[in-house]
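A short write-up of the structure that comes next.
Lettering follows sequence order; numbering is per chain, from 1.
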There are 2 protein chains.
Amino acid sequence: MTQTLTPPKTYNEALKRGHYYLQTVGFNGFSFQDLANDLGIRKASLHYYFSSKEDLGLALIKEYEKYFNNFTKKNAKLPAIQQLEAWLKYCYGMTKDHQKLCPIGVLTCELNTFSSKMHKSLAKFQSNQRRWAHQTLKQGIKEKAFRKNLDTSWAADIFLESIQGGLQIARLHKKPALFQKTLKGLLKSFS
Amino acid sequence: MTQTLTPPKTYNEALKRGHYYLQTVGFNGFSFQDLANDLGIRKASLHYYFSSKEDLGLALIKEYEKYFNNFTKKNAKLPAIQQLEAWLKYCYGMTKDHQKLCPIGVLTCELNTFSSKMHKSLAKFQSNQRRWAHQTLKQGIKEKAFRKNLDTSWAADIFLESIQGGLQIARLHKKPALFQKTLKGLLKSFS
DNA sequence: GTCTATAACGAGATAGAC
DNA sequence: GTCTATCTCGTTATAGAC
C-alpha cells in the first residue's frame, strides 16, 4: 500500500550484480558504471542507494552475512557432518557459477585498499563463520562423526582456509573437481 | 666492463617494489606512479623497462618462479619434512613482513582482469609448486616422516591451498600465529 | 636511461532538473 | 527515483627532447 511495502527492486538488483562482480573480478574490479549498465540506469542513480562505493561494499558484506546466518539456521537441526557437507556443496556450486570465489578470500586480498570500517565488518563476518564451524565440529564429535581427539579449533580454521584457497586454485586450473577432492578429503581426515 | 655487466639497478628495484605492492595491495592495487615515486624517477621512465603493465606482471611472476626454483634447489638434499617446513617458515615470514600474502592467491583473485598470457604464466607457476610439493611428500613417505597410506596427491593440494588461505586469514585478523598453528597442524596430520 | 608533456580514458562523486 | 551535466582525479601509454 505504501512505498515502504514495495520492494526496492533496483537496490536488490544492484546488490545481486555487486555480489557477482565481487566474486568474479573483485571489489576493486568493477565500477558503478558496470552496475548501472547491467541495471539499465545511469551510474549517478546508484548514488541514491549507495552514497559511496564503501557504502556499497558494506551493504554487500552485510548481505553475505545475512545469507550465511540464514543458511546455518536452516540447517541447524541436521547432523553436524551434513551441515558441513551442505556448506561445501554450496561452495562447490561457486566453482560451476562463473568460477566464483569465496568473498572473504577476495576481500582479504584487497584488504589494504579498504577503510577500517570495511575491514572490521569483514573480520566480524569471518569470525561468525569460524564460530559456526567450530561449534559444528564439536557437535560432530558428540555425534561420533569425527574422532574424539580432533582439535576442533584447528579443524575449524583449516576447513575455512582450505575452502578459500581451494576455490582459488580450482579457478586457476579451471578444475571444479579439484575443490571437491580436496575438501571432501579434509572432512574425511577428521574422522 | 661493458654495459651488459652493469646491473640494471632500476629494473631490479622496480621488480622488488612491484613484489611488495603485489603482495600487500594486489597487482591492480598499485600503479606505475607508485613505483616511480619509490624509485625517485618519473613513471614514463618505467616504460623503458616494461612496455605495459602486463609486461611488468609477467616479469614479476617470472621472478617469483625463479626464487621458488632456487629455493627448492637449495634445499633439495634435506629430508622432505625439513624442506616443507622451510617453505612454511618462508611463508610465515610473510605474515610478519607487512602481512604479505601468497602472490598466487592474490593473482588468482584478480585473474579475470588479466590477459590469458598472465593466466597461463600463473597456472604454470602453481603447477610447478604443486609438482614440488607432491614429489617432496612422496619422498617424505619413503623417509618414514609421513604415514604410508597418505594420499600425496591430495596432501599436495591441501598443503598449498591452506598456505594461501591461511595467509589471508592471518592478515584479516592480524594473527600471524594463526597461520603457524594451522599449517604446522596440517603437516603433523600427515604422519 | 630519464625527462617533459600530453593524449585518451575511466573512476568516484555531486548539483540540480524532472 | 532517475536523469543530465560536470568536476576532479588517477590510470596506462606514447612522442619526442635531452
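Remark: C1' of C:dA15 and OH of A:Tyr48 are 17 Å apart, rounded to the nearest angstrom. Between the CG atom of A:Leu35 and the C1' atom of D:dT2 there is a distance of 16 Å, given to the nearest Å. The separation between B:Arg42 atom CZ and C:dC3 atom C1' is 8 Å, rounded to whole Å. In this structure, B:Leu46 places its CG atom 14 Å from C1' of D:dT14, rounding to the nearest Å.
Taking the six-membered ring where tryptophan is involved, the planes of A:Tyr90 and A:Phe71 are tilted, since the angle between them lies from 30° to 60°. Ring geometry, B:Tyr21 versus B:Phe30: the interplanar angle falls under 30°, so the pair is classed parallel (tilted spans 30 to 60°). Using cut-offs of 30° and 60° on the angle between ring planes, the pair B:Tyr11 and B:Tyr49 is tilted.
Every residue two or more places apart in sequence or in another chain that forms a side-chain hydrogen bond (donor to acceptor under 3.5 Å, both in side chains) with A:Gln33 is listed here: A:Asn37. Applying the side-chain hydrogen bond (donor to acceptor under 3.5 Å, both in side chains) rule to B:Gln126 yields the partners A:His173; only residues at least two apart in sequence or on another chain are considered. Residues satisfying the salt bridge (Lys or Arg N to Asp or Glu O under 4.0 Å) criterion with A:Lys100, sequence neighbours excluded, are A:Asp97.
Between the side chain of B:Glu110 and the main chain of B:Asn28, a donor-acceptor pair closer than 3.5 Å is present. Of the possible polar contacts, one joining the B:Thr108 side chain to the B:Ile104 backbone as a donor-acceptor pair under 3.5 Å is found.
Listed pair B:Thr10 / C:dG1 fails the phosphate criterion, with no side-chain N or O lying under 4.0 Å from OP1 or OP2. For C:dG1, neither phosphate oxygen OP1 nor OP2 lies less than 4.0 angstrom from any side-chain nitrogen or oxygen of B:Tyr11.
Residues A:Phe27 and A:Phe114 place their aromatic rings such that the two centres sit under 6.0 Å apart.
Judged by a 6.0 Å distance limit and a 45° cone about the ring axis, A:Lys96 is not positioned over the six-membered ring of A:Phe179.
Between the axis at the start and the axis at the end of the helix from C:dG1-D:dC18 to C:dC18-D:dG1 there is an angle of 10°, using five pairs per end and rounding to 10 degrees.
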Between the protein and nucleotides 10-13 of chain D, which nitrogen or oxygen pairs are less than 3.5 angstrom apart?
from	atom 1	to	atom 2	distance (Å)
D:dT11	OP1	B:Ser31	OG	3.3
D:dT12	OP1	B:Lys53	NZ	3.4
D:dT12	OP2	B:Phe32	N	3.2
D:dT12	O4	B:Lys43	NZ	3.2
D:dA13	OP2	B:Lys53	N	2.7

Below 3.5 Å is the cut-off: list the nitrogen or oxygen pairs between protein and nucleotides 16-18 of chain C, distance only.
none

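Between B:His19 and B:Leu60 the shortest heavy-atom distance is NE2-O, 3.0 Å.
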